[in-house]
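Report on the following structure.
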Amino acid sequence: MAKYLACGNILYDSVISLDGKQLGEHMGGQALYATSGIRLWSRDVKMVANGGKFDFDEHYLPWLKNNGLTAEGISYEQDYTAHVCMKHTESGAYAFAPTHSGLVYDTYLQGMMELRMEQIEANIDPDTIAVYHHPHLPDTVCFDKIRKMREKYGIRFMYELVNNEEDLPYPYFNLEKLKDAVRIAGLWSLNSNEASVLFDIPKDRDEDIIARLQDFPEFEMCYYRCGNRGAYVLTSKKAVFVPLIDIRESVDPMGCGNCSTAAAMAAWCETGQDPLMTGIMAAISAGFNAAQSGPWPLYASEDEELARKLANEYYKKLSD
């Protein structure tokens, strides 16, 4: 039984910083970072993903258990999880490539590990109120399944657009399909690199991009991420900005988008759709995530207390 589902892929990341520094190999993947982002605020979250039997049990499973989380949403599809090299780029995005000497093997594993909508539905229970996922494309068949899930179970759905800037636009990607996907999901997120390519607007022109985003039909909330400048929580009529919130010096921002997007979903539900507190809680989750390479290792009671303290302080400060 879980209130929130954090769905998607898991990967081992070998991260290279913008200045070429090797940050080492660690657990990663959208589902893990999303789970971590929600876990800071709620223990009632289930990671739903496909893993490799041997390395998942060795690394991911202890992380889940140490943080008081279930592994019931995990399916084993192969012996090993894909390993990829993630390199930060000048634009604020990143490039990635398989790291094994047999490059085809990691690509094969990534394909085998893709989560199916039927697996997500199988993990929805009477307690579930919201699902985070990152369908790679606004595919009409995929989003028709999401529509049916939302109607059947009465859940919210957070759709994170996940596209590398060099890949846009895809041959099968267009703005109208994206608008339909957003209308079906209700909650969605993208970053300034993606928005800049989508609308052909420089990414520092927030006002122009926000106007285009707010023109999307029938969405409930958009979490618009602007890299190291912070993020906006958007509705059709409001645009609330929240700056970065550091817990300590930033080490590695990899995964902050997944982490903060999933946290924004949970915060939107927990706060009764308060845009300011939603942005603050998402920023705090990202701050914890950036404080080391990989996800925050263990959410102790003092970490949860610090998060609540910071949330209240920033809410008062930004409300003034």
Asn123 side-chain N/O to Met1 backbone N/O, donor-acceptor pair under 3.5 Å: no
Ser189 and Arg225 side chains, donor-acceptor separation under 3.5 Å: yes
Sub-6.0 Å ring centroid separation between Trp188 and Phe216: yes
Nearest-0.5 Å distance, NZ of residue Lys152 to CD1 of residue Ile124: 8.5 Å
Exam field: side chain Ser196 to backbone Ser192, donor-acceptor pair closer than 3.5 Å: no
Lys/Arg N to Asp/Glu carboxylate O, Arg147 vs Asp144, below 4.0 Å: yes
Heavy-atom pair of closest approach, residues Arg156 and Leu187: CD-CD1, 3.9 Å
Distance, nearest 0.5 Å, that separates OG1 of Thr35 from NZ of Lys46: 11.5 Å
Contact check, side chains of Ile155 and Ile129, non-hydrogen atoms, under 4.5 Å: no
Leu276-Leu244 co-clustered via ILVMFWY side chain contacts under 4.5 Å: no
Step-by-step side-chain hydrogen bond (donor to acceptor under 3.5 Å, both in side chains) determination, Tyr299 to Asn66: CA-CA 9 Å; Tyr299 288 109; Asn66 290 341; over 6 Å; no
Any donor-acceptor N/O pair, Asp44 side chain to Lys3 backbone, under 3.5 Å: yes
Separation between OG of Ser42 and CE of Met281, rounded to the nearest 0.5 Å: 9.0 Å
Salt bridge present between Lys203 and Glu194 (N-O < 4.0 angstrom): no
Separation between SG of Cys256 and CG of Asn228, rounded to the nearest 0.5 Å: 11.0 Å
Lys238 backbone acceptor or donor facing Gln214 side chain under 3.5 Å: yes
Pair Tyr315-Asp274, side-chain donor/acceptor within less than 3.5 Å: yes
Contacts of Ala283 that satisfy side chain to side chain contact (heavy atoms under 4.5 Å, CB included) - sequence neighbours left out: Val242, Ile245
Rounded distance (nearest 0.5 Å) linking atom CE of Met221 with atom CG of Leu234: 9.0 Å
Main-chain N/O of Ala2 paired to Asp127 side chain as donor or acceptor, under 3.5 Å: no
Charged N-O contact under 4.0 Å between Lys309 and Glu305: no
Min side-chain heavy-atom separation Met265-Tyr4 under 4.5 Å: yes
Shortest non-hydrogen contact from Phe143 toward Ala185: CE2-CB, 4.4 Å
Thr235 vs Val240, side-chain contact (heavy atoms from CB on, under 4.5 Å): CA-CA, chis, key distance, verdict: CA-CA 9 Å; Thr235 65; Val240 176; over 6 Å; no
Any side-chain heavy-atom pair of Val233 and Trp268 under 4.5 Å: yes
Where Ile10 and Ala31 come nearest, the two heavy atoms and their spacing: CG2-CB, 4.2 Å
Whether Thr271 side chain and Met277 backbone form a donor-acceptor pair below 3.5 Å: no
Contact check, side chains of Leu213 and Leu190, non-hydrogen atoms, under 4.5 Å: yes
Exercise: identify the closest heavy-atom pair between Tyr76 and Gly52: CD2-C, 4.0 Å
Met149 vs Ile120 side-chain heavy atoms within contact, under 4.5 Å: yes
Verdict with reasoning, Asn258 to Gln30, per side-chain hydrogen bond (donor to acceptor under 3.5 Å, both in side chains): CA-CA 6 Å; Asn258 313 128; Gln30 288 100 330; 5.3 Å; no
Centroid separation Tyr132 to Phe157 less than 6.0 Å: no
With Tyr60 via ring-ring contact (aromatic ring centres under 6.0 Å, His included) - residues at least two apart: Tyr12, Phe56
Check: Asn312 side chain, Arg308 main-chain N or O, donor-acceptor pair, under 3.5 Å: yes
Heavy atoms of other groups near Glu207 CD, more than 12 under 6.0 Å: no
Taking every non-hydrogen atom, the tightest pair across Ala71 and Leu61: CB-CD1, 3.5 Å
Side chains of Ile280 and Leu318 in contact at under 4.5 Å (non-hydrogen atoms): yes
Minimum-distance pair of heavy atoms, taken over all atoms of Ile210 and Ala239: CG2-CB, 4.1 Å
Main-chain N/O of Met254 paired with Asn289 side-chain donor or acceptor, under 3.5 Å: yes
Side chain Gln119, main chain Arg116, donor-acceptor under 3.5 Å: yes
Close side-chain approach of Thr128 and Tyr153, heavy atoms under 4.5 Å: no
Test side chain to side chain donor-acceptor pair (under 3.5 Å) applied to Ser285 and Trp296, Tyr33, Trp41, the passing residue: Trp41
Salt bridge present between Lys148 and Glu121 (N-O < 4.0 angstrom): no
Reported CZ-to-CG distance for the pair Arg212 and Leu175, which is rounded to 0.5 angstrom: 6.5 Å
Under-4.0 Å salt bridge between Lys53 and Glu77: no
Other residues, nucleotides, ligands: >12 heavy atoms within 6.0 Å of Glu302 CD: yes
Ionic contact status for Asp206 with Arg229, cut-off 4.0 Å: yes
Basic-acidic side-chain contact under 4.0 Å: Asp180, Arg183: yes
Ring centroid separation Phe54 to Tyr80 under 6.0 Å: yes
Criterion side-chain contact (heavy atoms from CB on, under 4.5 Å) on Leu69 and Met47, from CA distance to verdict: CA-CA 8 Å; Leu69 301 178; Met47 184 165 78; over 6 Å; no
Side chain to side chain, Arg39 and Pro295, heavy atoms closer than 4.5 Å: no
Path from Leu178 to Tyr224 over hydrophobic side-chain contacts below 4.5 Å: yes
With Tyr232 via ring-ring contact (aromatic ring centres under 6.0 Å, His included) - residues at least two apart: Phe241
From CA spacing to verdict: side-chain contact (heavy atoms from CB on, under 4.5 Å), His133, Glu160: CA-CA 6 Å; His133 190 38; Glu160 182 182 349; over 6 Å; no
Main-chain N/O of Ile184 paired to Arg150 side chain as donor or acceptor, under 3.5 Å: yes
Phe288/Ser36 under side-chain contact (heavy atoms from CB on, under 4.5 Å): CA gap, chis, key distance, verdict: CA-CA 9 Å; Phe288 273 85; Ser36 181; over 6 Å; no
